[in-house]
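Only one structure is covered here, and it is reproduced in the block below.
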Amino acid sequence: MLRPSLERVFRQDSLNPEQRLAAEHRGGPLLVLAGAGTGKTATLSARVASLLDEGADPQRILLLTFTRRAAREMINRTSSLVGERAAVGKVTGGTFHSVGHRFVRSYASALGLPADFGLLDAGDGADVLDLVRNELGHPAGERRFPRKQTLADIYTRTVNAQRPVREIVAELFPWCEEHVDAVAGILRGYSARKRSLGVLDLDDLLLHWRALVQDETTGPHIAGTFDHVLVDEYQDVNGIQADIVHSLHQRGCSVTAVGDDFQAIYSFRSASVEHILGFPGKFEGTKTVTLDRNYRGTQPLLDVANAVSAQDARGYPKVLRATRPGGNRPQLVQCRDQSQEAELVCDQVLADREDGLLLREQAVLARTGHDTDLLELELSRRRIPYVKYGGLRYLEAAHVKDFLAALRLADAPGDEMSWFRLLQLAEGVGPGRSRRVLEALLGRGETSPRLWERWPAAAAELPSSARPALTALAGAIRAAGDTDLPPGPATDRLRTALDPLVRAHYADGEVRMQDLAALVTAAGEASDLRTFFAEVLLDPPASSQDLAVPPHLDEDWLVLSTVHSAKGLEWQSVHLIAAYDGNFPADMAAGSAEGIAEERRLLYVALTRARRSLRVYSPHRYYHRPGGSGDTHGYGKVSRFLDGEAQALFDVVAAPGDSHRFAPGAIGGARVRVDVDELFA
DNA sequence: TTCTCGAGCAAGCAC
DNA sequence: TGCTCGAGAA
């Protein structure tokens, strides 16, 4: 039963009967099927608030979310409900990876890991794989031999599916099958190398966490620290994550899973919609609550989403119903090509802004990061500020990797790969010299305490022009590794030392250094360097904007995002671009029924982000990367998911104007030559 | 040994 | 289109 105070709070927050049921359910596993926009966050927050109100210890509540942003939002909402920020703040929250990391660190010795084990992100892992591949004598140039990224994909699919590599390769990478023995050897070498380096990659964190929870000694210990485990976005868990949750359940934790099987879009990360579909069967005594009242969109928009979801007979049936009345029909905009698409989007964005809609209330969604390339040009030309989420990730930018390499060395000065990377920032230093410097610096397996004494000898291998900057950098790394120095000043020293190297090495060094300033600001709020490093790696900022200090109130920008990164977010106005068949579904995914089903769900996620206005653009002619030889353009139809029935729910708009002016072949076989060669005769 | 440049080829979403 | 690798010059 709820106390009167909370009773009032719930009513104020207007929980509907189903949401209330979910918030107040006690005993036994709970599955909340929450359609898009049905107040999932409000419900989970209310449930946490209700548990706290009953006297639950916040530290004994575990909240597993997909991103740190989601965890933060949940905790903020909960504290506005209970009004005790401090108590709520003690709730253990984060992503599977970050929470797993905390346990693996605590139980490192039980796992036979060094107490100060390091972390590899996806890019680091691929680099180590590349190293092993070359050592085993498979140069990257060899015909049809998988590249490092492909090797990394094979590795992660294999361990996450827990199936033999031969099966995975045969099924998902058939073009690599002739090399499967060599691939298996490289993966074995990769595991051995990680052990000898004392590092874990992202998959290892989950594997080790699961091992801890399943172990008869450590398992009860870990499960015993929690009474309640709440998992958000359950449709996107993979087999290992599902095992972890199930083990916690078996060891006595009360489990709540929240998700929407129709928003499962992460199968490429080995997530499977089967885990949410099979939840009631696996967790005995499950109470299932379905939320289908939509508080986000208007009915004309939801009708389209419903029409798309109805094409898939599987899953929990649900039809979204709007709670807000009225609304306009969505538009399906047929345009000539992607440059016209970019113009039309800009026109509309500016028109809506004239009507008082902030840029931040508008978003442009796309299948892939580079679908927005042309649009970004047009936005810059018209001076419309924007922030881009997804696509090329922040951590993959070379200068950010440089900075993280320095950060890693502060914690682990013996890290060969990081040194190798940083040394080559200097002019006149390549792989050859780096190797000699490292030989002098790291010796043969000697331990690190004496490492800094060897720096002068190591620096002697450097060309004199490179010596001052690298010596300064080494000094900054050594100072940053001193635990007495707080993370803010420590990272600032690193940044200062990197400054001349970054400016000289990259053409746009100026801009890159500003990015790093944002990282230093973020580091200032962390408790120590190692924690900061882990946080950045395990929950990377979606863009440098994520790290920046809170922007001024008068700043406003349009949001560009991939559909994947847009999950869980909403805007007043949404533009979905490049919705042609071949992109929705992507050609790559169109080979299998499950692949197509997932693409449909991806479109569904995009369609359900809008509150008031939705425009879907389908360019007739689009650019694509040449797959073989010949034309680099394709002629597309609108996505097959927007069939006749779905299209009838749109206002179909043909782009205005000159649809024939640039039509291919209009001039027949004419050849117009421009030739200045005679000038150089 | 480092750097530059051209050829050849691959492919997206991300903790 | 943009990365990676190999050839060849400084």
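What's counted below: heavy atoms across the whole structure, side chains too, no hydrogens, waters or symmetry copies. Because the structure is a prediction, the values reported are computed rather than measured. In what follows, every chain begins at residue 1, and chains take the letters A, B, ... in the order their sequences are listed.
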Close N or O pairs between protein and nucleotides 2-6 of chain B (under 3.5 Å):
from	atom 1	to	atom 2	distance (Å)
B:dT2	OP1	A:G430	N	2.7
B:dT2	OP1	A:G430	O	3.2
B:dT2	OP1	A:R433	N	2.9
B:dT2	OP2	A:P431	N	3.4
B:dT2	OP2	A:G432	N	2.9
B:dT2	O5'	A:G430	N	3.4
B:dC3	OP1	A:G428	N	2.6

Can you name the ring-ring contact (aromatic ring centres under 6.0 Å, His included) partners of [X], sequence neighbours left out?
X      : value
A:Y604 : A:F262
A:H399 : none
A:Y155 : A:Y190

Legend entry - Atom pair distance, as rounded to whole Å: CZ in A:R133 and P in C:dT4: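 A:R133 atom CZ is separated from C:dT4 atom P by 11 Å.
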Legend entry - Closest-nucleotide 5' rank along DNA chain B - winner of A:Y266 and A:T150: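 The residue mapped nearer the 5' terminus is A:T150.
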Legend entry - A:R133 side-chain N/O to A:P146 backbone N/O, donor-acceptor pair under 3.5 Å: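 Yes.
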Legend entry - Listed once per pair and sorted, the ring pair (Phe, Tyr, Trp, His ring centres under 6.0 Å) pairs that draw on residues 583-602 of chain A, sequence neighbours left out: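 Pairs touching residues 583-602 of chain A that pass the test: none.
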Inset, instruction - Not counting sequence neighbours, list each pair that qualifies as a salt bridge (Lys or Arg N to Asp or Glu O under 4.0 Å) and has a residue in residues 589-598 of chain A. - result: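 Salt bridge (Lys or Arg N to Asp or Glu O under 4.0 Å) check on residues 589-598 of chain A returns A:E594-A:R601, A:E598-A:R601.
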Inset, instruction - With sequence neighbours left out, write down each residue that passes side-chain hydrogen bond (donor to acceptor under 3.5 Å, both in side chains) with A:E427, or none if nothing qualifies. - result: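 With neighbours one apart ignored, the set is empty.
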Acceptor/donor pairs from residues 458-467 of chain A side chains to any protein atom, 3.5 angstrom cut, sequence neighbours excluded:
from	atom 1	to	atom 2	distance (Å)
A:E461	OE1	A:R436	NE	3.2
A:R467	NE	A:A459	O	3.1
A:R467	NH2	A:L462	O	2.8

Inset, instruction - Both distances under 3.5 Å, Watson-Crick or G-U wobble: on that basis, could you give the dot-bracket string for DNA chain B, with [ ] for crossing pairs and | for other-strand partners? - result: |||||||||......
